[in-house]
Undergrad: 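If you scroll down you'll find the structure; I have some questions about it.
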Amino acid sequence: LAGADHKGVAMTVNESADDLVFNPFDPDQTRTSWEKLARMRRECPVSRPFEHFIYTAKYDDSRDVFRDGRRFFYGPSGMRKPGTDVPYEERFLGEIDPPEHPGLRRLMHRFFTPAAAQAEEPYTRAYVRRGLEDLARAGGGEFRQSFSDLFPIAITAHVLGMPTEHIDSLTRDMVDIQDTESFLSGNIGVVDAFPQLSAYADAAIDERLAADEPPDDVITAMLTTDLEGGRMAREQARTLIVNLLAGSTSTTATLDNLVYRLASDAGFEAALRGDRALIARAVEESLRLEPPVLFLFRQAKVDTELSGVPVHEGERICMGIGSANRDEERYHQAEEFRLDRRGEPEHLSFGWGPHLCLGVHLARMEARVMLEELLDLFPPGGLALAPGYQFEFMPGDFLRYGPHTVDLVVTETTR
Ligand code: HEM
């Protein structure tokens with residue numbers, strides 16, 4: 001994500017604070033610099049770590065950039081390397097600005113409401129049960145490989161109406177083949193980056209185009225809704241289908257962060273067992289403190305300012321989600337994982353405003369159902385970290401915040 005172009009050139013707006021230079025593209029810094037970020041929030045909340053590149057460390061500034069589409073937009077490069085001009089049909093929903101974005105979002109949103117997520121719960125629960133029972137039968141295993149990499153993609157594939165018999169192979173392809181690096185650098189398009197996924201998307205499109213009565217689902221809606229410029233091109237429908245499948249992979253980090261906490265913190269496990277209503281809160285608190293996506297970008301549309309710091313048209317803004325979510329002006333004991341938060345604003349982990357994550361209800365439901373089923377299948381202490389397990393962050397990825405692996409052992413089950 002735009003990283004290579006920025007590496008190395010460093011300066012801050014607050015030149016007296018050289019030790020506050022922060023490089024968001026360095027994974028070691030983004031995941032471990034919480035003290036430095038706390039100082040940045042106090043001393044230089046809006047900084048310029050590289051030329052034409054602004055970093056917002058505080059909640060209010062970050063949220064303002066997310067929500068103010070008049071001053072900040074994606075621009076021609078979308079979320080990819082600056083200078084890349086992404087063709088319209090190749091853009092993910094999050095990379096499309098008005099006037100096209102609202103109409104596209106509206107047609108997809110109908111399938112991603114809280115009610116739609118609720119309707120998906122029985123399928124999700126059955127999927128989770130099967131996966132956890134397999135894990136138990138094997139006596140444990142690596143959680144990401146055996147479960148959390150596949151699970152969110154499988155549920156999205158089901159929402160998309162992909163044939164159930166394809167879902168397993170589709171999810172495995174997704175995990176194996178994605179070449180996000182070349183994709184984000186703008187060197188290749190959707191079909192080259194995600195060949196198998198694109199083929200599944202094409203098959204789903206063909207099926208609906210050929211059907212006399214296509215199902216009432218999001219893919220049919222993409223193909224049949226009249227938008228301002230006419231019907232959606234099939235290339236764009238393919239991109240948006242791949243987008244939904246690829247977008248779901250963010251959920252994996254939250255699932256891993258939660259299962260790691262459950263297996264390593266007996267107090268956390270006991271609290272959830274004592275009051276199941278806390279499960280939904282645990283999901284939110286994990287999202288706040290351990291956001292799967294640590295930051296995102298926009299571009300300034302006009303000359304403007306953020307907390308008094310001038311921002312020039314064309315400059316890139318990096319909204320520090322991870323830092324904003326720990327803003328002590330917004331959250332009491334912001335660095336602590338707490339299940340008793342009240343009256344504090346919602347975290348920015350799903351973004352805010354016009355591009356708020358479309359999968360927000362689905363992701364929350366998936367994480368909650370996973371915790372519920374874990375508590376049902378394993379008695380207290382029945383699931384634990386494998387002996388000698390050492391926490392490591394996902395390697396090489398400066399954006400994601402979650403463990404590389406979670407090695408588990410199962411000692412006891414309830415059924
Ligand atoms: C814990 C899990 C997830 C996290 C943390 C997450 C995070 C985000 C964030 C931060 C954005 C805002 C992008 C921006 O403003 O630039 C976003 C947008 C989006 N997400 Fe998610 N996401 C998650 C799960 C999902 C799932 C399960 C799906 C698919 C079903 C999905 C599909 C999308 C789409 C399509 C957008 C673009 C929305 C738009 O631009 O209108 N996400 N996500």
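Worth knowing before you read on, the calculation uses all heavy atoms, side chains too, and leaves out hydrogens, waters and symmetry mates. Just so you know, these numbers come straight off a predicted model, no measurement behind them. One-based numbering, in listed order, for ligands and for the atoms of each.
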Undergrad: Any idea which of Gly402, Ser248, Ser286 brings a heavy atom closest to atom 27 (C) of ligand 1?
TA: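 Nearest heavy atom to atom 27 (C) of ligand 1 lies in Ser248.
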Undergrad: Run the numbers for me: atoms of ligand 1, each under 4.0 Å from some heavy atom of His101, listed by number.
TA: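 The list of qualifying atoms is 39 (C), 40 (O), 41 (O).
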Undergrad: Between Pro292 and ligand 1, which part of the residue brings a heavy atom under 4.0 Å of the ligand: side chain, backbone, both or neither?
TA: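 Side chain only; the backbone of Pro292 stays clear of ligand 1.
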Undergrad: Please tell me whether His101 and His355 form a close aromatic pair, meaning their ring centres lie under 6.0 Å apart.
TA: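 Yes; His355 has its ring centre under 6.0 Å from that of His101.
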Undergrad: Among protein heavy atoms, which sits nearest to atom 36 (C) of ligand 1, and what does the distance come to when rounded to 0.1 Å?
TA: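 It is Leu358 N, 4.0 Å.
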Undergrad: Measure His355 to ligand 1 on non-hydrogen atoms and call it side chain, backbone, both or neither using the 4.0 Å cut-off.
TA: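 Both backbone and side chain of His355 come within 4.0 Å of ligand 1.
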Undergrad: Give yes or no for whether the N/O distance cutoff of 3.5 Å, strictly under, is met between Thr156 and ligand 1.
TA: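 Among all N and O atoms of Thr156, none is under 3.5 Å from an N or O of ligand 1.
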Undergrad: Could you check whether Phe72 and Trp352 have their ring centres less than 6.0 Å apart?
TA: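 Centroid separation for Trp352 and Phe72: 6.0 Å or greater.
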Undergrad: Distance under 4.0 Å to a non-hydrogen atom of Gly351: what atoms of ligand 1 satisfy this?
TA: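 Heavy-atom distances to Gly351 below 4.0 Å select 10 (C).
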Undergrad: Within the structure provided, determine whether Asp149 and Glu142 are in side-chain contact (heavy-atom separation under 4.5 Å).
TA: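 Contact flag for Asp149/Glu142 side chains = no.
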Undergrad: If you have a sec, work out which protein heavy atom is nearest atom 11 (C) of ligand 1 and how many Å separate them, to one decimal?
TA: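 For atom 11 (C) of ligand 1, the nearest protein heavy atom is Phe350 O, 3.8 Å.
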Undergrad: Going by the atom numbers of ligand 1, which of them fall below 4.0 Å from some non-hydrogen atom of Phe66?
TA: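 Those atoms are 15 (O).
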Undergrad: Ignoring hydrogens, just give me the one of Gly353, Cys357, Pro152 whose non-hydrogen atom is nearest atom 18 (C) of ligand 1.
TA: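 When every heavy atom of Gly353, Cys357, Pro152 is considered, Cys357 comes closest to atom 18 (C) of ligand 1.
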Undergrad: Within a distance under 4.0 Å of any heavy atom of Leu93, pick out the atoms of ligand 1 and give their elements.
TA: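 Counting atoms of ligand 1 from 1, those under 4.0 Å from Leu93 are 38 (C), 39 (C), 40 (O), 41 (O).
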Undergrad: With respect to atom 3 (C) of ligand 1, which of Pro102, Ala253, Ser250 exhibits the smallest heavy-atom separation?
TA: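 When every heavy atom of Pro102, Ala253, Ser250 is considered, Ser250 comes closest to atom 3 (C) of ligand 1.
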Undergrad: Quick check: Phe268 with Phe337 (ring centres under 6.0 Å apart)?
TA: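 Centroid separation for Phe337 and Phe268: below 6.0 Å.
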Undergrad: Among all the protein's non-hydrogen atoms, which is closest to atom 32 (C) of ligand 1, and how far away is it?
TA: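 I find the closest protein heavy atom is Gly359 N, 4.0 Å.
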Undergrad: If you count every heavy atom of other residues, nucleotides or ligands that lies below 6.0 Å from Glu328 atom CD, does the total exceed 12?
TA: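 Enclosed.
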Undergrad: Heavy-atom contacts under 4.0 Å between Thr251 and ligand 1: side chain, backbone, both, or neither?
TA: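 Contact part for Thr251 vs ligand 1: both backbone and side chain.
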Undergrad: If you measure only the distance, is there a donor-acceptor pair under 3.5 Å linking the side chains of Ser323 and Arg41?
TA: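 The criterion, which ignores hydrogens and geometry beyond distance, is satisfied for Arg41 and Ser323.
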Undergrad: Look at atom CD of Glu228 and say whether more than 12 heavy atoms of other residues, nucleotides or ligands are closer to it than 6.0 Å.
TA: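 No, because the 6.0 Å sphere around CD of Glu228 holds 12 heavy atoms or fewer from other groups.
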Undergrad: Would you mind reporting whether Arg288 and Arg338 have side-chain heavy atoms less than 4.5 Å apart?
TA: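 Counting from C-beta outward, Arg338 and Arg288 never come under 4.5 Å.
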Undergrad: May I ask you to check whether Asn257 and Thr254 show a side-chain donor-acceptor distance below 3.5 Å?
TA: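 Per modelled atom types, Asn257 and Thr254 side chains form no pair under 3.5 Å.
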Undergrad: Need the ligand 1 atom indices (1-based, order shown) with element for anything under 4.0 Å from a heavy-atom of Leu244.
TA: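 Those atoms are 29 (C), 35 (C).
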Undergrad: What protein heavy atom sits nearest atom 13 (C) of ligand 1, and how far away is it?
TA: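 Minimum-distance protein heavy atom for atom 13 (C) of ligand 1 reads Leu296 CD1, 3.5 Å.
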Undergrad: Considering non-hydrogen atoms of the protein only, which is the closest contact for atom 37 (C) of ligand 1, and what is the distance?
TA: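 I find the closest protein heavy atom is Gly94 N, 3.9 Å.
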Undergrad: Is there a side-chain contact between Leu383 and Leu377 (heavy atoms, below 4.5 Å)?
TA: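 Contact flag for Leu383/Leu377 side chains = no.
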Undergrad: Just which atoms of ligand 1 are under 4.0 Å from any heavy atom in Phe112?
TA: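 Counting atoms of ligand 1 from 1, those under 4.0 Å from Phe112 are 30 (C).
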Undergrad: Quick one: which ligand 1 atoms are inside 4.0 Å of a heavy atom on Tyr74?
TA: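 That gives atoms 14 (C), 16 (O) of ligand 1.
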Undergrad: Would you say that more than 12 heavy atoms from the other residues, nucleotides or ligands in this model lie under 6.0 Å from the CZ of Arg276, or not?
TA: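 Atom CZ in Arg276 is packed in, count exceeds 12.
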Undergrad: At less than 4.0 angstrom from any non-hydrogen atom of Arg298, what atoms of ligand 1 do you find?
TA: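 Selected atoms, number and element: 14 (C), 15 (O), 16 (O).
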Undergrad: Against Arg326, only a single residue in Glu35, Glu344, Glu335, Glu290 fulfils salt bridge (charged side-chain N to carboxylate O under 4.0 Å, His left out); can you say which?
TA: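 Passing option: Glu335.
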Undergrad: Is there a donor in the side chain of Thr124 and an acceptor in the side chain of Glu120, or the other way round, less than 3.5 Å apart?
TA: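 No, no side-chain donor-acceptor pair sits under 3.5 Å.
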Undergrad: Ser349 to ligand 1: N or O pair under 3.5 Å?
TA: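 N/O-N/O distance under 3.5 Å: no.
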